S.K.: 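Take a look at this one; I'll ask things after.
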Amino acid sequence: MLRKPTATDIAKQSFWDVIMSTETSNAWDAKLYDDKHSFVWKFGADLIELLSPKSGERILDIGCGTGHLTKQIVDCGATVIGIDRSADMIAKAKAEFPKIEFEISDATDFHFDQPFDAAFSNAALHWVKPPERAVACISRALVPGGKFVAEFGGKGNVAQIEQAMAAASRDLGEPLAPSPWYFPSIPEYSTLMEQHRMEVTFATLFERPTPLEGPDGIQQWVRMFGQTFLAAMPQAKQEEFLERVAVHAKPALFQDGKWIADYRRLRIVARKRA
């Protein structure tokens, strides 16, 4: 379970660490996520084909969000537990799919008494640091021979958006918060998995230009996924920051009247060694 940092914790952390741990990691707007950014789970639907869930299998969905893909896995006959660090996401998932088990849990520190036949994760692991702790938890949670299927941001993901946010920060004379994301290359993540008894059987890094909804799509994207950077801005400058991000991002990311996020995704399939 999650807890808020104590005074002692905060004393040991830098200003930016506190911003990222308290303002962004758990402060997900589940309604905004489903209303304006449902592409996140919709793009992950074909990942379930790689998972190939079977009736009777026990499967863990890591970073389940509002539970839409969890439900699709359940519909294949598997028993699924969905975990997410965001209480708001889990509350919405439970309300939407009350017959499925969902738990608030951190991907770097979870434990279940009974192991799983497979683990699944879509668009979540690039938020998880340190990544080695997440991989260790996933490996421990699987039976020998258990399958792991995941997709998340890979090396170069949203590079243009990050550049636009950095330029907007410079315009306003404010420092840019450190990135909350982990975007590994194939060799980097494969090596990490091998260190934790996980053998990678398939890996691909690919471009996925992703249309954003509405004329303010890039600003809404930053509100949803760039909370770290927005929260670090003085409140009086936050709207101007969003406007400047749009100005700097427009030459590269506004095409044919639509905003296009420069996504690059890493897709991984692995097995736990016996």
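Note that this is a predicted model, so its numbers are computed, not measured.
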S.K.: So if you build clusters from Ile, Leu, Val, Met, Phe, Trp, Tyr with side-chain heavy-atom gaps below 4.5 Å, do L50 and I186 land together?
M.R.: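 Different clusters.
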S.K.: Nearest 0.5 Å, what's the CD1-OG1 distance between I100 and T79?
M.R.: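 I100 atom CD1 to T79 atom OG1 measures 10.5 Å (nearest 0.5 Å).
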S.K.: Would you indicate whether the side-chain heavy atoms of M233 and S169 approach each other to under 4.5 Å?
M.R.: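 Yes, close enough: below the 4.5 Å cut-off.
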S.K.: Could you measure the distance from the OG atom of S139 to the CD atom of Q195? Nearest 0.5 Å is fine.
M.R.: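 Atom-to-atom, S139:OG and Q195:CD are 12.0 Å apart.
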S.K.: Considering only NZ, NE, NH1 and NH2 on the basic side and carboxylate oxygens on the acidic side, decide whether R208 and E151 come within less than 4.0 Å.
M.R.: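 Salt bridge between R208 and E151, a charged N being under 4.0 Å from a carboxylate O: yes.
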S.K.: Which residue is it: T70, I81, D84, D61? I am looking for the one with a side chain to side chain contact (heavy atoms under 4.5 Å, CB included) to F102.
M.R.: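 Among the candidates, only T70 passes.
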S.K.: In terms of hydrophobic clustering (I, L, V, M, F, W, Y; side-chain heavy atoms under 4.5 Å; direct or indirect links), are V74 and F120 co-clustered?
M.R.: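 In one cluster with V74: F120, yes.
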S.K.: Check whether F225 and L230 end up in the same hydrophobic cluster, where Ile, Leu, Val, Met, Phe, Trp and Tyr are linked by side-chain heavy atoms less than 4.5 Å apart.
M.R.: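 Yes: a chain of side-chain contacts under 4.5 Å links F225 to L230.
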S.K.: Can you find a pair of side-chain heavy atoms, one from F183 and one from Y189, that are under 4.5 Å apart?
M.R.: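 Side-chain contact under 4.5 Å: no.
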S.K.: Going from CG on L205 to CZ on R265, what distance comes out if it is rounded to the nearest 0.5 angstrom?
M.R.: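 It is 10.5 Å, given to the nearest 0.5 Å.
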S.K.: For this output row, return yes or no: ring centroids of W181 and F229 closer than 6.0 angstrom.
M.R.: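 They qualify: ring centres under 6.0 Å apart.
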S.K.: If every non-hydrogen atom of A93 is compared with every non-hydrogen atom of G65, which pair is closest and at what distance?
M.R.: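 Shortest heavy-atom separation between A93 and G65 comes out as CB-O, 3.8 Å.
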S.K.: Go through the steps to decide whether V143 and F116 satisfy the test side-chain contact (heavy atoms from CB on, under 4.5 Å), and finish with yes or no.
M.R.: CA-CA 6 Å; V143 300; F116 293 87; over 6 Å; no
S.K.: Is the closest side-chain heavy-atom distance between V269 and V200 below 4.5 Å?
M.R.: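 SC-SC contact between V269 and V200 ruled out.
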S.K.: Shortest non-hydrogen contact from A150 to L47?
M.R.: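 Minimum heavy-atom separation between A150 and L47: C-CD2, 4.0 Å.
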S.K.: So, using ring pair (Phe, Tyr, Trp, His ring centres under 6.0 Å) as the criterion, who are the partners of H248 when residues are at least two apart?
M.R.: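 Not a single residue meets the ring pair (Phe, Tyr, Trp, His ring centres under 6.0 Å) criterion with H248.
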S.K.: Would you check if the side chain of K272 reaches a backbone N or O of G146 as a donor-acceptor pair within less than 3.5 Å?
M.R.: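 No.
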S.K.: State yes or no: do I73 and L142 share one hydrophobic cluster built from I, L, V, M, F, W and Y residues joined by side-chain heavy-atom distances below 4.5 Å, directly or via other members?
M.R.: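 Looking at the clustering, L142 is in a separate group from I73.
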S.K.: Any donor and acceptor pair, going by atom type alone, linking the side chain of R58 with main-chain N or O of A78 inside 3.5 Å?
M.R.: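 Judged by distance alone, no pair lies under 3.5 Å.
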S.K.: Please identify each residue that fulfils salt bridge (Lys or Arg N to Asp or Glu O under 4.0 Å) with K147, with sequence neighbours left out.
M.R.: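 Scan of K147 (salt bridge (Lys or Arg N to Asp or Glu O under 4.0 Å), adjacent residues dropped) gives none.
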S.K.: Rounded at 0.5 Å granularity, tell me how far CG in N122 sits from NE2 in H68.
M.R.: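 Going from CG on N122 over to NE2 on H68, the span is 12.0 Å.
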S.K.: Applying the 4.5 Å side-chain criterion to the ILVMFWY set and letting contacts propagate, would W127 and L192 be lumped into a single cluster?
M.R.: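 They do not share one cluster, since no chain of ILVMFWY contacts under 4.5 Å joins W127 to L192.
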S.K.: Using a 4.5 Å cut-off on heavy atoms from C-beta on, say whether the side chain of K54 contacts that of S52.
M.R.: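 The answer is yes, as the side chains (C-beta and beyond) meet within the 4.5 Å cut-off.
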S.K.: Who pairs with E194 by side chain to side chain donor-acceptor pair (under 3.5 Å), at least two apart in sequence or on another chain?
M.R.: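 Once residues adjacent in sequence are excluded, the partners of E194 under the side chain to side chain donor-acceptor pair (under 3.5 Å) criterion are R273.
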S.K.: With sequence neighbours left out, which residue pairs that include part of residues 175-189 fulfil the salt bridge (charged side-chain N to carboxylate O under 4.0 Å, His left out) condition?
M.R.: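 The answer is none; no pair qualifies.
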S.K.: Using side-chain contact (heavy atoms from CB on, under 4.5 Å), reason through R267 and F152 one step at a time and then give a plain yes or no.
M.R.: CA-CA 7 Å; R267 187 170 281 197; F152 53 100; over 6 Å; no
S.K.: Enter the distance from S105:OG to H111:NE2 here, rounded to the nearest 0.5 Å.
M.R.: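 With rounding to 0.5 Å, OG (S105) is 11.0 Å from NE2 (H111).
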S.K.: Closest approach of D262 and A159, non-hydrogen atoms and distance?
M.R.: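 Closest approach of D262 to A159, heavy atoms only: OD2-N, 3.0 Å.
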S.K.: Quick check: does any side chain N or O of W259 sit under 3.5 Å from a backbone N or O of P215, one acting as donor and the other as acceptor?
M.R.: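 Looks like yes, one N/O pair under 3.5 Å.
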S.K.: Between D106 and R85, does any side-chain N to carboxylate O distance fall below 4.0 Å?
M.R.: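 Yes, this pair counts.
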S.K.: Keeping Q255 on the side-chain end and A252 on the backbone end, is there a donor-acceptor pair under 3.5 Å?
M.R.: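 Yes, Q255 side chain to A252 backbone: donor-acceptor pair under 3.5 Å.
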S.K.: Side chains of Q220 and L212: closer than 4.5 Å at any heavy-atom pair?
M.R.: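 Q220 vs L212: side chains apart.
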S.K.: Check A246 against Q219 and note the closest heavy-atom contact, atom names and distance.
M.R.: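 The pair with the smallest heavy-atom distance is CB-NE2, 3.7 Å.
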S.K.: Looking only at heavy atoms, what is the nearest atom pair of I62 and A107, with distance?
M.R.: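 Scanning both residues completely, I find the closest heavy atoms to be CG2-CB, 3.9 Å.
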S.K.: Measure the CD1-CD distance between I260 and Q160 for me, rounded to the nearest 0.5 Å.
M.R.: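 The distance works out to 13.0 Å.
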S.K.: Could you tell me whether the side chain of D117 and the main chain of I59 form a donor-acceptor pair under 3.5 Å?
M.R.: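 No, the answer is negative, given that no donor and acceptor are paired below the 3.5 Å cut-off.
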S.K.: Which heavy atom in M193 sits nearest to a heavy atom in A270, and how many Å separate them?
M.R.: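 Distance-wise, the nearest heavy atoms are SD-CB, 4.2 Å.
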S.K.: Quick one: are the ring centres of F206 and Y263 less than 6.0 Å apart?
M.R.: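 So the answer is no for these two rings.
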S.K.: Does the side chain of W221 come within less than 4.5 Å of V158's, by heavy atoms?
M.R.: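 V158 vs W221: side chains touch.
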S.K.: Can any side-chain N or O of T191 pair as donor or acceptor with the backbone N or O of P187 at less than 3.5 Å?
M.R.: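 Yes, because the side chain of T191 sits within donor-acceptor range (under 3.5 Å) of the backbone of P187.
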S.K.: Between K92 and D88, is the closest basic N to carboxylate O distance under 4.0 Å?
M.R.: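 No, no charged N to carboxylate O under 4.0 Å.
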S.K.: Assess the residue pair I90 and C64 against the criterion (side-chain contact (heavy atoms from CB on, under 4.5 Å)); give the C-alpha distance rounded to whole Å, side-chain angles, the decisive distance to 0.1 Å, and a yes or no.
M.R.: CA-CA 8 Å; I90 290 296; C64 62; 3.8 Å; yes
S.K.: Is V80 close to L60 at the side-chain level, that is, under 4.5 Å between some pair of heavy atoms?
M.R.: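 With C-beta onward as the side chain, the pair stays apart.
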S.K.: Run F112 and I83 through side-chain contact (heavy atoms from CB on, under 4.5 Å) and show every step you take.
M.R.: CA-CA 11 Å; F112 292 90; I83 63 171; 3.8 Å; yes
S.K.: I'd like to know whether the aromatic ring centres of Y182 and H126 sit less than 6.0 Å apart in this structure.
M.R.: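 Between Y182 and H126, the centre distance exceeds or equals 6.0 Å.
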S.K.: How would you list all residue pairs meeting salt bridge (charged side-chain N to carboxylate O under 4.0 Å, His left out) that involve residues 154-179, not counting sequence neighbours?
M.R.: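 Qualifying pairs, neighbours excluded: D171-R244, E174-K237.
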S.K.: So do R140 and H196 actually touch side chain to side chain, heavy atoms under 4.5 Å?
M.R.: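 No, their side chains stay 4.5 Å or more apart.
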S.K.: Going by the rule side chain to side chain donor-acceptor pair (under 3.5 Å), which residues pair with E239 if we only count those two or more places apart in sequence or in a different chain?
M.R.: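 Side chain to side chain donor-acceptor pair (under 3.5 Å) list for E239, sorted by chain: R223.
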